[in-house]
Chemist: 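One structure, pasted below without further comment.
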Amino acid sequence: MRAVHFGAGNIGRGFVGLLLHRAGYEVTFVDVNPELIGMLQTADAYQVREVGPDAVVHTVTGFTGIDSKADPTGAAQAVADADVVTCAVGPTVMRFIAPVIREGLALRSGDPLVVMACENAIGASDTLREHVLEGAEELAAKAVFANTAVDRIIPPQDPAGLDVVVEDFFEWSIDRSPFAGSGAAQPAIPDAHFVDDLAPFIERKLFTVNTGHATTAYAGWNAGIATIAEALEDRAIRAAVEAALADTSRLLLAKFGFDADEHAAYVARAIERFENPALPDTCERIGRQPLRKLSRHERFVQPAVELVERGERADGLVAAYAAALRFDAEGDEQAVELQRLLHELEPADFVAHVSGIETGPLAETLAERVAAARS
Ligand SMILES: NC(=O)c1ccc[n+]([C@@H]2O[C@H](COP(=O)([O-])OP(=O)(O)OC[C@H]3O[C@@H](n4cnc5c(N)ncnc54)[C@H](O)[C@@H]3O)[C@@H](O)[C@H]2O)c1
Ligand SMILES: O=P(O)(O)OC[C@@H](O)[C@@H](O)[C@H](O)[C@H](O)CO
């Protein structure tokens, strides 16, 4: 069985590539980083080293790499020949891999290709599908796109090698509904979890792990703290994280009917995972791409909108949004753009442009926070 995975970074090598290898796939990693691809082409194996109480060291073999910038035709042919295509390139990068997948589908014959985006975003595979089929609707029957939710904290790695250090926790939930009647079999990936309805899984993950993570990161950054674990030692920061997660918990319990105790345990486990002392993760990585994180369907604004629609307050999320406005990491293009927009746009225009809310009490509250962050 052959898999092509776009994005040979942390999640690519340390999570999706590993689970596909364990499922028996030969994995071709496609990336645009020539050094990384060179290592993937010459190495026979790399290790995924878990840290934590249930830690295991995994050895991944049977892979290769293709640089899609240098060899777009080779990458498209690999897609054409694959059983499964996955990606973990970042939600904003999916549109750049779409032409390669489109070209691969055009070359393909036989069963429909299974495509699964493994990004932190609701409906990422649907978004990828739109990009792939743009101007090429005739290819629609050649692929089945299934949404997924991926969860494993993987901090920045040593770029000189392929080995990856990861937490021992992982969860890969995949929507099984697109496979029914599609002509493509549900892939056999024993470490993944196929579900009939992905919404509770992706929303619980994004609005707990990622909301809590981002709240910690922005508060930590503003306090001059480098790591997530250190930030959580600060009582005020921990209280801010708890307030944001109290908001999302109210929403998730009301929306999906989760058991309250089980959800409280899920939240507590997420915070424990952030604190893992063996896995130093930075406020800069977790805060990366703040414009994406402040956008309409992301970890702060989406749950806040839904709470307000239900007649509830979202003060913890609003405070986290306000903290994010001060994220000014110099090496992060979106942080630079955020600071430009913050100072050039009127507050209400900033909220409309960045977060997609134009009117109503939440728009007004967020605009007040934007005005405060400008001064
Ligand atoms: N790291 C984590 O803890 C974690 C956990 C769950 C989900 N995710 C999600 O996984 C995705 C990837 O995150 P990551 O941490 O692995 O990032 P990363 O930066 O480590 O890896 C991304 C890789 O994509 C490659 N890339 C960029 N443009 C490309 C293109 N046009 N074609 C092919 N490859 C390209 C980069 O060179 C890089 O190797 C994101 O959506 C992220 O939100 C990350
Ligand atoms: O990847 P992002 O930028 O969407 O979010 C940063 C982190 O919160 C994220 O990578 C987590 O580590 C991950 O989602 C855990 O599963």
Side-chain angles (χ1 to χ4, degrees), residues 4-18 28-37 39-40 65-72 75-76 78-79 85-101 116-122 124-125 127-128 131 148-159 162 164-167 169-173 201-202 204-218 228 241 269-270 273-274 276 279 281-295 297-300 324 327 329 332 334-335:
V4 170
H5 177 82
F6 285 81
N10 296 350
I11 283 295
R13 302 198 310 285
F15 182 29
V16 181
L18 168 66
T28 298
F29 289 101
V30 176
D31 205 292
V32 289
N33 176 334
E35 289 79 29
L36 187 53
I37 290 300
M39 289 189 280
L40 287 161
I66 297 177
D67 180 338
S68 52
K69 248 191 202 160
D71 184 11
V79 168
V85 164
T86 50
C87 69
V89 289
T92 54
V93 176
M94 288 197 297
R95 68 179 191 278
F96 300 113
I97 67 169
V100 180
I101 299 176
M116 299 182 291
C118 304
E119 314 282 355
N120 278 341
I122 294 171
S125 301
T127 306
L128 180 60
H131 292 311
T148 84
V150 287
D151 193 3
R152 165 167 259 180
I153 297 175
I154 311 188
Q157 305 290 318
D158 177 358
L162 293 175
V164 193
V165 178
V166 305
E167 66 172 336
F169 177 94
F170 72 86
E171 187 172 21
W172 187 7
S173 310
F201 292 90
I202 183 73
R204 180 179 65 165
K205 191 270 171 168
L206 201 60
F207 301 154
T208 305
V209 178
N210 297 112
T211 302
H213 230 178
T215 305
T216 312
Y218 294 127
I228 293 292
V241 174
R269 177 84 171 99
R273 291 169 57 204
F274 303 163
N276 188 338
L279 205 64
D281 210 347
T282 63
C283 294
E284 185 163 1
R285 180 185 87 82
I286 304 303
R288 68 184 172 187
Q289 298 193 321
L291 291 175
R292 167 168 61 91
K293 291 184 169 107
L294 292 172
S295 68
H297 299 290
E298 265 283 345
R299 56 207 75 185
F300 297 141
F327 185 70
D332 187 316
Q334 286 197 10

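Each ligand, and each atom within it, is numbered from 1 in the order the structure gives.
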Chemist: Decide whether the shortest distance between a heavy atom of Arg285 and an atom of ligand 1 is less than 4.0 Å.
Modeler: yes
Chemist: Determine whether the side chain, the backbone, both or neither of Cys118 has a heavy atom under 4.0 Å from any heavy atom of ligand 1.
Modeler: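 It is the backbone that touches ligand 1; the side chain stays farther off.
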Chemist: Considering only protein heavy atoms, which is closest to atom 20 (O) of ligand 1, and at what distance to one decimal place?
Modeler: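 Result for atom 20 (O) of ligand 1: Asn10 N, 2.9 Å.
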Chemist: Looking at non-hydrogen atoms alone, which of Arg288, Arg152, Arg273, His213 comes nearest to atom 1 (O) of ligand 2?
Modeler: Arg288
Chemist: Does ligand 1 have a heavy atom under 4.0 Å from the side chain of Ile11, from its backbone, from both, or from neither?
Modeler: both
Chemist: Is Asp151 salt-bridged to Arg273, cutoff N-O under 4.0 Å?
Modeler: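 Yes, charged N to carboxylate O under 4.0 Å.
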Chemist: Which atoms of ligand 1 have any heavy atom of Gly90 under 4.0 Å away?
Modeler: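 With Gly90 as reference, the close atoms of ligand 1 come out as 11 (C), 40 (C), 41 (O).
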Chemist: Below 4.0 angstrom from a heavy atom of Ile153, which ligand 1 atoms are there? Numbered from 1 as shown, please.
Modeler: 3 (O)
Chemist: Which residue from Val32, Asp151, Val166 reaches closest to atom 30 (C) of ligand 1 through any of its heavy atoms?
Modeler: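 Among Val32, Asp151, Val166, the closest heavy atom to atom 30 (C) of ligand 1 belongs to Val32.
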Chemist: Which option, Gln157, Lys69, Glu119, His213, owns the non-hydrogen atom nearest atom 11 (C) of ligand 1?
Modeler: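 Comparing heavy atoms across Gln157, Lys69, Glu119, His213, the nearest one to atom 11 (C) of ligand 1 lies in Glu119.
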Chemist: Within the distance-only criterion (no hydrogens, no angle test), does the side chain of Thr28 pair as donor or acceptor with the backbone N or O of Val4 below 3.5 angstrom?
Modeler: no
Chemist: Compare Ile154, Asn210, Ile286, Ile97 and give the one whose heavy atom is closest to atom 3 (O) of ligand 1.
Modeler: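 Looking at heavy atoms only, Ile154 sits closest to atom 3 (O) of ligand 1.
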Chemist: Considering only heavy atoms, does Leu36 approach ligand 1 within less than 4.0 Å through its side chain, its backbone, both, or neither?
Modeler: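 Leu36 to ligand 1: side-chain contact only, backbone stays beyond 4.0 Å.
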Chemist: Which atoms form the tightest heavy-atom contact between Asp281 and Pro156, and what is the distance?
Modeler: OD1-CD, 3.5 Å
Chemist: Taking only heavy atoms of Val30 into account, list the atoms of ligand 1 that are under 4.0 Å away from them.
Modeler: 33 (C), 34 (N)
Chemist: For Phe207, which residues count as a ring pair (Phe, Tyr, Trp, His ring centres under 6.0 Å) partner, sequence neighbours excluded?
Modeler: none
Chemist: Which atom pair, heavy atoms only, marks the closest approach of Cys87 to Glu119?
Modeler: SG-OE2, 3.3 Å
Chemist: Provide, to 0.1 Å, the distance between atom 10 (O) of ligand 2 and the closest protein heavy atom, together with that atom's residue and name.
Modeler: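 Ranking protein heavy atoms by distance from atom 10 (O) of ligand 2, first comes Arg285 NH1, 3.1 Å.
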Chemist: At under 4.0 Å between heavy atoms, is it the side chain or the backbone of Glu171 that contacts ligand 2, or both, or neither?
Modeler: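 Looking at Glu171 and ligand 2, no heavy atom falls under 4.0 Å.
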Chemist: With backbone taken as N, CA, C and O and side chain as the heavy atoms from C-beta onward, which portion of Asp151 lies under 4.0 Å from ligand 2: side chain, backbone, both, or neither?
Modeler: both
Chemist: Atoms of ligand 1 less than 4.0 Å from Gly7 heavy atoms?
Modeler: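 Listed by number with element: 23 (C), 24 (O), 25 (C), 34 (N).
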Chemist: Tell me which one of Arg299, Lys293, Gln289 gets a heavy atom nearest to atom 3 (O) of ligand 2.
Modeler: Lys293
Chemist: When you look for heavy atoms under 4.0 Å from ligand 1, do you find them on the side chain of Arg288, its backbone, both, or neither?
Modeler: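 Side chain only.
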Chemist: Students should be able to answer this: which protein heavy-atom is nearest to atom 14 (O) of ligand 2, and at what distance?
Modeler: Lys205 NZ, 2.6 Å
Chemist: Residues in side chain to side chain contact (heavy atoms under 4.5 Å, CB included) with Asn10, at least two apart?
Modeler: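 Expected list: Ile154, Gln157.
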